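Below is one structure, written out as structure tokens; comments come after it.
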Amino acid sequence: MSIEKAIKEIRKHTPEHVRLVCVSKFNPNEAIMKAYECGERIFGESKVQELCVKFDTLPKDISWHFIGHLQSNKIKDIIPFVELIHGVDSYKLLVEINKQAAKIGKTVNCLLQVHIAQEETKFGFSAEELMTAMAVGEWKELIHIRICGLMGMATYTEDREQIRMEFKKLKSLFDQVKIEFFSAENSFSELSMGMSDDYQIAIEEGSTLVRVGSSIFGHRQYNN
Ligand SMILES: *Cc1c(COP(=O)(O)O)cnc(C)c1O
């Protein structure tokens with residue numbers, strides 16, 4: 001399927017309050033420009049180096065989201081221009097982003113990544129760790145961070161009901177954090193969940209940001 005057709009198809013199933021992050025990692029600029037010409041402006045990348053090159057060479061009205069595992073020593077390369085960091089998976093990383101953001105006088109939009117899948121390999125806070133970190137409250141002193149919501153990835157499985165349960169859990173955690181810690185603010189409003197195989201379930205369960213890669217761009221070539 002062409003990129004144009006794929007985007008049309010996805011857009012048909014995506015209500016207006018849900019934003020589409022076109023996950024363009026490992027795809028060349030030409031592919032990104034095809035999606036851009038369809039009107040897409042939000043692109044997601046998972047490698048700092050690749051993101052920086054794409055930022056330099058593609059139109060400046062693209063909103064770049066970082067969706068990968070961010071290493072501390074690379075934060076400074078992306079914070080001048082990154083719109084949203086999806087996968088902040090530790091308090092330590094949040095502190096480090098704050099420190100680098102302070103140096104350039106910027107406030108960086110972040111989502112806290114929660115581990116909802118069964119697999120051990122996925123990064124993120126457990127629900128308990130998240131609630132504890134929020135309750136301790138040191139994050140309130142990180143004035144160069146704006147915590148905009150939560151992000152999670154479901155287990156890689158054929159079991160649709162399990163995926164749905166995991167998204168439900170994340171949504172309920174989101175609601176709990178919002179009520180307990182952000183009731184006075186509108187900034188905590190994003191729930192990033194759903195990828196190519198499960199974004200429709202994620203939308204049904206309350207996602208506001210879906211991260212779709214291979215359904216738009218086809219299978220990724222990891223060997224380039
Ligand atoms: C690669 C990636 C995606 C996109 O995955 P697809 O299955 O290709 O849609 C979404 N989220 C994260 C965090 C990713 O690393």
Side-chain angles (χ1 to χ4, degrees), residues 1-14 18-28 31-32 34-35 38 40-51 54 62-71 74-75 78 82-90 93 97 109-125 148-160 162-164 166-167 170-171 174 190-224:
M1 203 190 296
S2 72
I3 289 173
E4 291 84 348
K5 269 203 185 136
I7 287 174
K8 266 203 193 127
E9 191 58 32
I10 292 162
R11 283 291 184 188
K12 249 199 289 186
H13 302 286
T14 311
V18 178
R19 292 191 295 157
L20 173 62
V21 181
C22 301
V23 174
S24 49
K25 62 187 186 194
F26 299 97
N27 279 284
I32 296 177
K34 282 197 185 134
C38 296
E40 299 304 328
R41 289 296 179 272
I42 307 178
F43 292 89
E45 290 285 332
S46 61
K47 297 266 185 285
V48 166
Q49 170 87 37
E50 185 177 350
L51 173 52
K54 286 176 174 171
I62 288 178
S63 168
W64 291 105
H65 288 201
F66 189 79
I67 61 164
H69 177 64
L70 186 56
Q71 290 170 297
K74 299 199 173 148
I75 296 166
I78 62 166
V82 77
E83 195 76 32
L84 181 64
I85 299 175
H86 284 238
V88 178
D89 55 9
S90 71
L93 183 59
I97 296 169
N109 297 323
C110 293
L111 302 179
L112 302 179
Q113 184 170 356
V114 182
H115 184 285
I116 52 170
Q118 283 184 334
E119 293 128 13
E120 285 299 317
T121 52
K122 302 227 163 120
F123 296 102
F125 291 87
C148 299
L150 303 180
M151 178 266 204
M153 274 189 274
T155 304
Y156 186 72
T157 172
E158 294 288 307
D159 184 345
R160 314 299 281 171
Q162 183 181 343
I163 293 171
R164 188 180 294 282
E166 291 172 358
F167 287 153
L170 186 58
K171 171 66 161 86
F174 171 86
E190 299 288 358
L191 185 52
S192 168
M193 57 184 197
M195 308 173 29
S196 288
D197 289 337
D198 55 22
Y199 73 92
Q200 296 192 40
I201 303 175
I203 290 170
E204 287 164 18
E205 298 306 331
S207 173
T208 67
L209 275 173
V210 290
R211 310 177 309 269
V212 180
S214 45
S215 282
I216 296 174
F217 297 108
H219 285 291
R220 286 178 286 272
Q221 304 280 320
Y222 287 106
N223 56 350
N224 57 9

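Small disclaimer: the values here were computed from a predicted structure and weren't measured. Start at 1 and go down the list; that is how both ligands and their atoms are numbered.
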Checklist line | Option with minimal heavy-atom separation from atom 6 (P) of ligand 1, where the choices are S196, G218, S215 | finding: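 Looking at heavy atoms only, the winner is S196.
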
With a cut-off of 4.0 Å, which atoms of ligand 1 are near a heavy atom of [X]?
X    : result
V212 : 9 (O)
R211 : 4 (C), 9 (O), 10 (C), 11 (N), 12 (C), 13 (C)
K25  : 1 (C), 2 (C), 3 (C), 14 (C), 15 (O)
I67  : 2 (C), 11 (N), 12 (C), 13 (C), 14 (C), 15 (O)

Considering only heavy atoms, does [X] approach ligand 1 within less than 4.0 Å through its side chain, its backbone, both, or neither?
X    : result
S46  : neither
R220 : side chain
M151 : side chain

Notebook entry, point to check: I32 versus K54: any side-chain heavy-atom pair under 4.5 Å?
Noted result: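 Yes, side chains in contact.
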
Next item on the list: Classify the ring geometry between F43 and W64 as parallel (under 30°), tilted (30 to 60°) or perpendicular (over 60°).
Entry: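 Ring orientation, 0 to 90° scale: tilted.
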
If I take atom [atom1] from residue [X] and atom [atom2] from residue [Y], how far apart are they, to the nearest 0.5 angstrom?
X    : Y    : atom1 : atom2 : answer
R164 : D198 : CZ    : CG    : 10.5 Å
L70  : H86  : CG    : NE2   : 12.5 Å
L20  : I42  : CG    : CD1   : 7.5 Å
L112 : C148 : CG    : SG    : 9.5 Å

Next item on the list: Decide whether an N or O pair under 3.5 Å exists between M153 and ligand 1.
Entry: no

Next item on the list: Among R11, K12, K5, find the one that has a salt bridge (charged side-chain N to carboxylate O under 4.0 Å, His left out) with E9.
Entry: K12

